[in-house]
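This report refers to the structure that appears directly beneath it.
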Amino acid sequence: MKTHIRNISLAFLAGIAGFAAFPPLDISFAAWFCLLPLLLTVEPGKPRENFFYGYLAGVVFFASLLYWLVNVSVPGMIILVLALSVFYGLFALLAGYIRKYSMSLLILPFIWVVLEFIRGNLFTGFPWALLGYTQYRNLNLIQIADITGTYGVSFIIVAFNTAVYAVSIRSKRRISYMMIALIFMLASTSYGIYRLNNLHRWGSPRISVVQGNIPQSYKWDPSYADEIMAGYTALTRQAAGDDTSLIIWPETSYPYLFEEGTQEAETIKELASEVKTPILAGMVSRRAEGYYNTAVLFDGAGRIREKYLKTHLVPFGEYVPFEGALNVVRKYIDKPIGDFEEGDEYTVFPVSSLTAITRPDGTLVRTTNFFRFGVLICFEDIFPYITRNFVNNGANFMVNMTNDAWFGKTAAPLQHMQASVFRAVENRVPVIRAANTGISCFIDPQGKVTEKVQSAGENIFIKGYATSSVNVLYGKSYYTVYGDLFVYFCAFMLAVLFITEGFLLRKENRS
């Protein structure tokens, strides 16, 4: 009984330590020890107990981390937390298997990476709060993501947790485990320092983002539409005075249903023509097939240049998966569920930037650079493959337009921004975020947040705009070209390690 109570306490501690490593507490150091309490609950030959303690740690972690989902759907939050916690349970279950057969603890980081990847891709996937995200401010360490993706950072963190665990249980190999973990950390940091000093810029378009801070209760109320439009118009006129090449509005910021040829559609065209600056606006558009969450680019003459229809919709938010069988859930989710259609193209938008240089002899030389960018709507930035597809289609930088007003004044916007930091590093492209209530900011290809929309030290639930030059780099990263090869390597190594260890065990038993 005492052991059971001890293990429950350790499982709770593991969940809380993992939560502490993310916003709102944002104690990134906690990530390096957050799995230790869970591993200390693992006992050889007790798969049910191991899964239970792991699952309990997962419930504590995800419930604490995703608390803000209660503002959208209490039943939805409970279901999501219970589903995601399975991955913690599986990790502990497999750790017990490794202990039972005296297998190398170095298998654990490979297991974690594969489980994280499955969590991010199974069904619709939910790669929120990957363990590597905790290090989003540790620029030296996270540069390895341009080879391994975020999963490489997660691997290093789990390797260190494993080494500390080996020391705690006085494993015979504890010194070698710790040395290997430290070598991983040193190699990654050294690579990061090298990359930070060897990135080459070829252009810097000047971009503006506007943050309307529109309450969620106002967004689709027709009586507030003119007021919302007036607010964005005022911010757009201010931003246009900053000599910007593009002004970006947040997701579904345009307060009317967009259909070409209507008076509502003409409003934003006239504004773009007035300020003589391209405007990228988020809106709901309608076609014969249905409604789409859309990004539309208007050029400086008010003409529509391109549209992007969101390709990865939010399940139980923008649509109901398996509508025929699950439509009944609309009755039990306490917020309206949309009925959007899914786009199928990774549209790349054009933008030009005029640069004026004064030569030593006083001559003024003007040059125009042409850039292309992709748009990530809402939570599309948490899916690495979407950004990769855009960059491989020719995007030089990325825009994430989103609306986190649903979640209130919580840690959700900062947790969301962590994903954008890694998309920037993985693909070596700037990521520009335009959010209705924040965080609207500029992230450079190194993963550094360079500029935010803020007022009196606050950057969420405030109204304003920000303008910044973004540094576009030469070439594509290894990760952009080859994708998640590191994950596939981990899966391969996992198979090799299990087969090899199993062969050695059988050999020992025969002898």
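Heads up: numbering here begins at 1 and tracks the sequence.
Across all non-hydrogen atoms, the minimal contact from Gly447 to Val421 is O-CG1, 3.4 Å. What you find for Phe407 and Asn71 is that their closest heavy atoms are O-ND2, 2.8 Å. Considering all non-hydrogen atoms of both residues, Cys441 and Met417 come closest at SG-SD, 3.8 Å. What you find for Ala92 and Leu38 is that their closest heavy atoms are CB-CD1, 4.2 Å.
Checking Glu451 against Ser468 by side-chain atom types alone, no donor-acceptor pair falls below 3.5 Å. For the residue pair Thr252 / Trp220, no side-chain donor-acceptor distance below 3.5 Å is found, with atom types taken as modelled. Residues Glu426 and Ser477 bring no donor and acceptor atom of their side chains to less than 3.5 Å of each other. A side-chain N or O of Ser204 and one of Asn471 form a donor-acceptor pair less than 3.5 Å apart. The closest side-chain donor-acceptor pair between Tyr479 and Asp484 falls under 3.5 angstrom. Using a 3.5 Å distance cut-off with no hydrogens or angles, the side chains of Asp221 and Ser223 do pair a donor with an acceptor.
Under the 30°/60° scheme for interplanar angles, the aromatic rings of Phe160 and Trp32 are found to stand perpendicular. Aromatic ring pairs are classed by plane angle as parallel below 30°, tilted from 30° to 60° and perpendicular above 60°; the pair Tyr191 and Tyr194 is tilted.
Using a cut-off of 4.0 Å between Lys/Arg side-chain N and Asp/Glu carboxylate O, Arg428 and Asp146 are scored as salt-bridged.
A donor-acceptor distance shorter than 3.5 angstrom exists from the side chain of Asp444 to the backbone of Gln446, with no hydrogens or angles considered.
Under the ring pair (Phe, Tyr, Trp, His ring centres under 6.0 Å) test applied with Phe486, the options Tyr478, Phe155, Tyr151 reduce to a single match, Phe155.
Aromatic ring centres of Tyr346 and Tyr308 lie farther apart than the 6.0 Å criterion allows.
Using a 4.5 Å cut-off on side-chain heavy atoms (C-beta onward), Leu246 and Phe349 make no contact.
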